[in-house]
Amino acid sequence: MSDFDVKSFTIPGQYYLDGVLLGSYNPPDGMKALREFDLFEDDCIVAAYPKSGQTWTLELVYLVLHHGTAYERENTARDMRTPWIEWGPVDEERLRNISNIPRPRVFKTHAIAKHLPVQLREKNVKMVFVFRNPKDVAVSYYHFYRMNAVLSRFPGTWSQFYEMFMAGNVAHGSWFDYVQEYWREFKDDKNVLFLYYEDMVKDHAGSVRKIANFLGRNLRDDVVEDIVKRTSFKTMKDNFATRAHKIPFFDENISPFFRKGNVGDWKNHFTVRQNEDFDRVYAEKVAESGFCIDFGE
Ligand code: PPS
């Protein structure tokens, strides 16, 4: 590893949009398509910084809205259940296909707040935003960077990745800027639900009910129970969602996509110095923001 120069590390198609690092999987025309995407009033967008539990949340939202028919569509590839709008290279046919998925549509985005579809506000479209404690996000992102070819299968060490993460020199930019922009922009917006990964782990059924409430769905207890079962880490890892993740640029022998799914794995990675450094930066940058992150300490 000693000959790896982290300063010259890039990802395929790397470019910056408004200062945010993006790669070929979210190309400029994908970002434009996202901005201009036609929404319906009953759509729901799930937004999150990478590795915050978005796949889990997408499935929860999807099942809350489509519980009755979800079984029939169990083998629909994830990209056609809950499509990632800005995914590229942009292909007109895919854009048409993702626009035509059954309503109410559920979409994924990793865009910063400023890059969201213009119609989100114009049409009062609902959005769910997921927070996760950034120490676990950094660790999860490190392992994802190692196994993912669109992130150049990062060959460096955890400490090298930690420095990149803290400098915001990773895909989708600085976690600190990303979450604060969403919070500032949407904290008083009744069309936006903020969830925390750690709360979802602690109270899975409560999170299903929270999402259902937010989306105006009254679910029977047995339906809530069923959704909890179908979205457990183990079920999602072993069943359809894993199958949907047979993605050619992932090398799950390096690290599985459904890796640990727990709170506090940062304790197995952060050195004492990194932890102190992180806490200092966190206190300076976001401690006053008003959202409340549980680090599982
Ligand atoms: S991505 O690639 O940005 O969309 O990743 P994202 O889905 O946001 O986050 C991946 C992490 O979420 C964990 N995960 C889950 N945790 C609990 N329950 C369920 N059902 C679940 N599904 C995914 C996944 O394992 C990643 O976290 P780590 O810490 O790496 O295990």
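The figures here come from the full heavy-atom set of this structure, side chains too, leaving out hydrogens, waters and symmetry mates. Every number for a ligand or one of its atoms is a count from 1 in the order of the listing.
- The nearest heavy-atom contact from the protein to atom 7 (O) of ligand 1 is T55 OG1, 2.5 Å.
- Considering backbone and side-chain N/O of P50, none are found under 3.5 Å from N/O of ligand 1.
- Aromatic ring centres of F107 and F37: separated by under 6.0 Å.
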Cut-off 3.5 Å, no hydrogens considered: what does the side-chain donor-acceptor table look like for residues 212-220, sequence neighbours left out?
from	atom 1	to	atom 2	distance (Å)
R217	NH1	L215	O	3.2
R220	NE	D222	OD1	2.9
R220	NH2	D222	OD2	3.0

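- The ring-ring contact (aromatic ring centres under 6.0 Å, His included) test with F194 singles out one residue from F291, W183, F186, and that residue is W183.
- Looking at R132, K260, K51 one by one, the single match for salt bridge (charged side-chain N to carboxylate O under 4.0 Å, His left out) with D265 turns out to be K260.
- The closest heavy-atom contact to atom 11 (C) of ligand 1, among the options M236, Q54, R132, comes from R132.
- No side-chain donor from either of T82 and E59 sits under 3.5 Å from a side-chain acceptor of the other.
- Closest protein heavy atom to atom 24 (C) of ligand 1: F257 O, 4.0 Å.
- The backbone of S52, and not its side chain, has at least one atom closer than 4.0 Å to an atom of ligand 1 (non-hydrogen atoms only; backbone = N, CA, C, O).
- For atom 13 (C) of ligand 1, the nearest protein heavy atom (residue, atom name, distance) is Y197 OH, 3.9 Å.
- Contact annotation for H110 and ligand 1: only side-chain heavy atoms (C-beta onward) come within less than 4.0 Å of the ligand.
- Evaluation of the side chain to side chain donor-acceptor pair (under 3.5 Å) rule for D38 yields Q119 as partners, not counting sequence neighbours.
- For the residue pair E86 and H110, the shortest heavy atom distance occurs at OE2-N, 2.9 Å.
- Backbone and side-chain nitrogen or oxygen atoms of K51 are examined, and one is located within less than 3.5 angstrom of a nitrogen or oxygen of ligand 1.
- Among protein heavy atoms, atom 4 (O) of ligand 1 sits closest to K108 NZ, 3.1 Å.
- For the residues S232, S140, P256, A171, the heavy atom positioned nearest atom 26 (C) of ligand 1 is part of S140.
- What sits closest to atom 20 (N) of ligand 1 on the protein, heavy atoms only, is T231 O, 3.0 Å.
- Under the 6.0 Å cut-off for aromatic ring centres, Y25 and W84 qualify, their centroids lying closer than that.
- The protein heavy atom nearest to atom 12 (O) of ligand 1 is G53 CA, 3.9 Å.
- For ligand 1, the atoms closer than 4.0 angstrom to any heavy atom of F144 are 2 (O).
- Ranking protein heavy atoms by distance to atom 22 (N) of ligand 1, first place goes to F258 CE2, 3.4 Å.
- In M200, neither the side chain nor the backbone holds a heavy atom less than 4.0 Å from any atom of ligand 1.
- The ring of W56 has its center closer than 6.0 angstrom to the ring center of H204.
- With hydrogens and angles left out, the side-chain atoms of K135 and N275 include a donor and acceptor closer than 3.5 Å.
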